[in-house]
Amino acid sequence: MVWQNDVCSVILAAGSGRRICSEKPKIFREVLFKPLVNLVFENCKKAKIKEICFVCAGDGLGVLKGYFKEEASYVIQEEKLGTAHATAQAVPFLKASGKKDVLVLLADVPFIDAQTIEDAYFVHKKRENDVTVIAATLQNPFGYGRIEYANDRIKIVEEKDATDTQRAIKQVNSGALWFNVSALLAILERVDNKNASGEYYITTAVNLLTKTGCYLAEDANIILGANTNEQLLTLNEVAKDRVISYHSCNGVEFLSKDGVMIGADVKIGKGTQIFPGVTIKGSCQIGEDCVVTSGTFIEDSNIGDNCQIKSSYIESSVIACGVSVGPFAHIRAGCEIEDGVKVGNYVEVKNSYIGAKTKIAHHNYVGDCSVGFGVNLGCGVVVANYDGEEKHKSKIEDDVFIGCNSNLIAPVTIRRGAFVAAGSTITENIEENGFAIARARQETKPNYKRKRKGQ
Amino acid sequence: MVWQNDVCSVILAAGSGRRICSEKPKIFREVLFKPLVNLVFENCKKAKIKEICFVCAGDGLGVLKGYFKEEASYVIQEEKLGTAHATAQAVPFLKASGKKDVLVLLADVPFIDAQTIEDAYFVHKKRENDVTVIAATLQNPFGYGRIEYANDRIKIVEEKDATDTQRAIKQVNSGALWFNVSALLAILERVDNKNASGEYYITTAVNLLTKTGCYLAEDANIILGANTNEQLLTLNEVAKDRVISYHSCNGVEFLSKDGVMIGADVKIGKGTQIFPGVTIKGSCQIGEDCVVTSGTFIEDSNIGDNCQIKSSYIESSVIACGVSVGPFAHIRAGCEIEDGVKVGNYVEVKNSYIGAKTKIAHHNYVGDCSVGFGVNLGCGVVVANYDGEEKHKSKIEDDVFIGCNSNLIAPVTIRRGAFVAAGSTITENIEENGFAIARARQETKPNYKRKRKGQ
Amino acid sequence: MVWQNDVCSVILAAGSGRRICSEKPKIFREVLFKPLVNLVFENCKKAKIKEICFVCAGDGLGVLKGYFKEEASYVIQEEKLGTAHATAQAVPFLKASGKKDVLVLLADVPFIDAQTIEDAYFVHKKRENDVTVIAATLQNPFGYGRIEYANDRIKIVEEKDATDTQRAIKQVNSGALWFNVSALLAILERVDNKNASGEYYITTAVNLLTKTGCYLAEDANIILGANTNEQLLTLNEVAKDRVISYHSCNGVEFLSKDGVMIGADVKIGKGTQIFPGVTIKGSCQIGEDCVVTSGTFIEDSNIGDNCQIKSSYIESSVIACGVSVGPFAHIRAGCEIEDGVKVGNYVEVKNSYIGAKTKIAHHNYVGDCSVGFGVNLGCGVVVANYDGEEKHKSKIEDDVFIGCNSNLIAPVTIRRGAFVAAGSTITENIEENGFAIARARQETKPNYKRKRKGQ
């Protein structure tokens, strides 16, 4: 029997109505491109807690259900009357689940990791506590509830209620609490709102319980929340350092941490070198021995080994091995790019398949096109997919050569081995090994006087 | 009566002749794109001090007058004989102004803010001081004049004259001094130059006065000056943190501070997200809920709400709401871009009006053109404004569609609803709903042998 | 007689077989784009030590010989049996050289600079030591060999052999050691491998010698090695700060250190302003009073004074004075660009000569071309150098004007003063002052119905 069978979690996600200078509820604000509430949920999942109940505001329910679907339960807190009141909304869930212990978490405190959750649980069980507070030590504890030890128990003292002596305490409450469910159910009704804010606080429940304890986390960052934009910036900076440290240990080479923003769900192979000023977000997989230079932005894409990505944008695409991209390329959603392709400078590719070893080297736009193996698109060649009314698809087969500044007007098919002269606008299909030209003959006049107007 | 009616300021802006490895006098060196002397002047203005006199070098006078015009007085210090000598050049100004107190400032110490100036003034008046030194506490006071308290007064001891005991003092002179004008006028003549440098120092005046005091600023950064390039870099880093902190508090979202350089006169709406590596300088206003990604450079431009600015340059232009720019776009001076426009990748727009909902999506250059509502410029379309001798203006009316890689040779007018086939070079006007084509018919030859030379 | 005539150096470059999560041996891992082993070698050369012997692994020999050629001797350590065993491989070198003292260095500890080497040598000689350990003081000495003083000598105690008292010692061994050669030769045979690792350690030799001493380096960074990717990142960050500090002192202006990666062999003139997020690597020389904005990447190039380089790539090229590049330009290998040229946005130039005052302002590709003085290439003009089989060279003489979106199909020569109409594809040479046009006449149809398909 794993210990997780005996526990559940309640995540307080209703917010307090206060926002951090933002229209967006703070639980949906992001750290490294992921909402705080998702980070908290994932910490629970990594700790393998199976039953999770969100206490949410009415207008947040839809978003949460969209994120977590059947993986969680949801109850609504109609009025914002404090954290104990929020927890009380989950009583039916607690009773139905029949678990012995519950982990109460705040949805905007994202760094309480699975290991901390588990370690705190075992302290909680060993000491047979009614409640175990996950705490940390802060050099500057201002604003946090202090953990006071007295008479073989702890009390949480809020900033505004603290004496000077209490204010000097550096051990503070993270807001994450392991409760014995029976003890919690018994005490919740006794929590009152006789305090400055007139709210029902879960910390009042802690202070009313008999067997109380504390688990002191090693890493003080677990305490960090996001009540202000500056705190959110701090969370991002801490997360940035962690993710770089994680990938460094796995063999990724960073020249500097500066401006490197890598989301939590990004995988990077060893030997890959990341320059400063690189953003990689969403669900991405980067292969081994790649080089990714400054200014690159990659989202929801898979990239193979040995690729060179220079100062480029890559969105929702799959790129094979040995591909060279950029500088200043833009691979838009829906591209599949095979081994050894060159997508050069100022090249935009959108919703297209590009066969192996094809070169799209300069100033091209390839939209809605299937391009074969070993094709060479000259500089400035455009595959025009839009005729002003609809988008169409084109096809360029293997070994085709298209001269500079030519246009292929979709829908059009260029068969294997065909050749298009530079400067041509192609509107009709070209057969295998065909040659097409669509341009005027050059006329030259001598001794042209440089009255250049109206050329 | 506001207190500012009783005071004036003298800003010592002649420099010492020593430069910080630069041809440029140090008072014109910049912190976040603004000269030091302007920062000092603005601090005075924010403190609402009305009469300000610059003591400047002869070759700096023109620049200063260009900056501050009638808002300040100017006197020239012909010889660089020290700060007391510089202050003495302002004696006629002081006598003419008839103010009771004067704030003497150094033009290269830019962080002495309006609040500090005011707070120091009230200490100065309350204690009826002859002089009040604005001071700060530094952990490493090396190089600064130390504030020594003795016999109910203070003395400023320069680094090179200090005993070991004095060197251990951590309270130092910022160089900003409130003087009683009568006391200052009386003492200036008694300042001698009997010191290592042979200069007349204003600190000597301080040490000669009777009623001396000190106002200790909370923020030690007020002390920072710019005697070396490294100090200037420090000023920039401090200013960077401050400006990010300021905008964070106002609801702007920063993912990281790295490489974010935002000038002091930039306004940003709440909910706007700024990626690392963004430069915003000059007089700019950015709306709410925008996204500005890495590598973006914005100067002297206004941008509305809900815009996406991706790794682009925007200079001296006005952009409305819901506009998408980039990645890698370049909006040059003189553009006015209406709601919902798309300025896509590798698009350069210069001195043009772009009507609402128009799409200029890839590889375009639009120069000196008025473009209407709902226009679609295909990939690579160029509005060519230069004929080798002169620049001309063109006009594209509403609902026009221009096919890929077409050229519009200015001056040319394309009337409402017209259509230009891809690959056309257009030199003549097109009427409303007209269709224009200027390209050769496609010829195709079968079984072309790939002798490709001389195509 | 200079002291360097009496000394030689042995650099232990065989590695331990352990890699830092990388296929690449750690001595070839890079700090600011230069391999660790090169940094160590250059430190020796700067200290003017003439005879240097690498002890290397068999598979590293070729790379090292490629780097250092006749400037060093090389011996192979067949088996990795520890640092004393490695040093023992150099015994024939030591005997042949006949030097009195030898500096033993680790090839992956790159910050032991020439001054430290020299200062340590003079301490070594003055005290007539058998061995002098170059040491540093670390607040967190974990993992390093501690320097214990006892009975008028020092001992190096490895982490795993240390008592708690010894672990508290903060003075640690950098791995750099000055030995008296005779003493070293005599003691090497007595080193055993009776320790936890079963390796022959050079520190055992230190502990066996009689006259031992220590030179404590001022800068603790000299100790930094690269056993992990995170340590390598730290080395890069330290090196970054140093190189910025160096250039700042020489008059280069940095707005921020963030993301600024400048290689050790880069020279920059005073007054040049470097924005955050700039990479300059390899052998580069940047002139005075340039501006280099974020996202710029420069490699192996020389750039003159007063250039504006905006968010561009420049590779293996020479650029004169007053040149404006970018934003988003790409100057590829083999370019020579004269005074006052404009290489504008989205312009790629490759292996070309560009004469003074020429404007290549937008969306161009110029490949393998010699371009004269005062030429104007219109927007989108392409010099197409590749015909599908071979690359060819073209020539554009002085004062030529090429209209927008024209193609020049190489090989082609455009003589002085010629003019090409916009939209032309040019395949034949044009004489001096000639006018060429190669495009279809514009046909316009009224009242075109917007059935736009198949245009």
Side-chain angles (χ1 to χ4, degrees), chain A residues 244-245 247-260 270-271 275-277 289 293-295 310-311 326-328 344-346 361-363 376 378-380 387-390 392 401 403-405 409 419 421-424 427 439-450 452 455, chain C residues 20-24 29 32 228-230 232-233 236-237 240 257-259 261 276-277 279 294-295 297 311 313 328 330 346 348 363 365 380 382 384 386 388 401 403 405 407 409 417-419 421-428 430-431 433-440 450-455:
Chain A
I244 289 174
S245 181
H247 288 294
S248 276
C249 289
N250 286 339
V252 179
E253 302 173 22
F254 295 91
L255 293 158
S256 161
K257 295 179 180 180
D258 298 341
V260 175
K270 68 189 164 67
F275 277 63
D289 298 316
T293 72
S294 299
K310 295 185 178 170
S311 305
F328 312 119
N345 40 205
Y346 326 121
H362 359 232
H363 299 90
N376 191 310
C379 179
D387 62 9
E389 288 206 338
E390 286 181 44
H392 302 276
F401 181 95
C404 294
N405 269 334
I409 308 298
F419 188 101
S424 300
T427 56
R439 73 186 185 211
R441 184 171 296 274
Q442 178 178 343
E443 295 171 58
T444 309
K445 300 170 191 167
N447 290 312
Y448 174 67
K449 301 227 176 71
R450 287 291 279 274
R452 288 161 172 170
Q455 56 161 314
Chain C
I20 40 176
C21 303
S22 167
E23 297 302 308
K24 209 186 256 189
R29 297 294 298 276
L32 289 182
T228 67
N229 265 345
E230 285 200 275
L232 197 67
L233 175 51
N236 270 294
E237 298 278 14
K240 184 184 89 161
K257 294 179 181 182
D258 298 342
M261 309 300 291
T279 300
S294 299
F297 181 101
S311 305
Y313 272 63
F328 312 120
H330 187 193
Y346 326 121
E348 175 187 5
H363 298 91
Y365 170 52
V382 170
Y386 182 57
F401 181 94
N405 268 336
N407 302 304
I409 308 299
F419 188 100
S424 300
T425 295
I426 298 302
T427 56
E428 293 160 36
I430 308 176
E431 289 310 294
N433 292 319
F435 170 90
I437 186 163
R439 70 185 187 212
R450 288 290 279 275
K451 182 182 166 305
R452 287 160 173 173
K453 292 178 196 172
Q455 57 163 308

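Reckoned from all heavy atoms, side chains included, excluding hydrogens, waters and symmetry mates. The chains referred to below are lettered A, B, ... by the order of the sequence lines, with proteins before strands, and numbering in each begins at 1.
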### Message
Would you say that C:Phe297 contacts A:Pro327 through its side chain, given a criterion of any heavy-atom pair below 4.5 Å between the two side chains?
### Response
no

### Task
Looking only at non-hydrogen atoms, find the nearest pair between A:Ala422 and C:Ile409 and report the distance.
CB-CD1, 3.4 Å

### Query
Is a side-chain N or O of C:Glu348 found less than 3.5 angstrom from the main chain of A:His362, in a donor-acceptor match?
no

### Message
Counting C-beta onward and ignoring hydrogens, is there a side-chain heavy-atom pair between C:Met261 and A:Phe275 closer than 4.5 Å?
### Response
no

### Task
Using a cut-off of under 4.5 Å on heavy-atom pairs, state which of C:Asn236, C:Thr279, C:Asp258, C:Asn407 scores highest against chain A.
C:Asn407

### Close aromatic pair by centroid cut-off 6.0 Å: A:Phe328 and C:Tyr346
no

### Summary
Whatever's closer than 4.5 Å to a heavy atom in chain A on C:Ser424 counts as neither

### Task
Of all the heavy-atom pairs spanning A:Cys404 and C:Ala384, show the shortest one and how long it is.
SG-CB, 3.2 Å

### Task
Evaluate the side-chain proximity of C:Asn229 to A:Lys270: yes if any heavy-atom separation is below 4.5 Å, no if none is.
no

#### Entry: OH-CG distance between C:Tyr313 and A:Asn345, expressed to the nearest 0.5 angstrom
10.5 Å

#### Entry: Short side-chain to backbone donor-acceptor contact, C:Glu230 and A:Ser248, under 3.5 Å
no

## Note on the structure
Between C:Thr425 and A:Gly423, the two heavy atoms sitting closest are OG1-CA, 3.5 Å

### Query
Top residue by heavy-atom pair count (under 4.5 Å) with chain C, among A:Cys379, A:Gly295, A:Ser294?
A:Cys379

### Query
What part of A:Asn405 lies closer than 4.5 angstrom to a heavy atom of chain C: side chain, backbone, both or neither?
both

### Query
Do C:Thr427 and A:Gln442 touch side chain to side chain, with heavy atoms closer than 4.5 Å?
yes

### Query
Looking at C:Lys257, C:Glu431, C:Glu428, which one has more heavy-atom pairs under 4.5 Å with chain A than the rest?
C:Glu428

### Query
Any sub-3.5 Å donor-acceptor pair from A:Glu253's side-chain atoms to C:Leu232's backbone N or O?
no

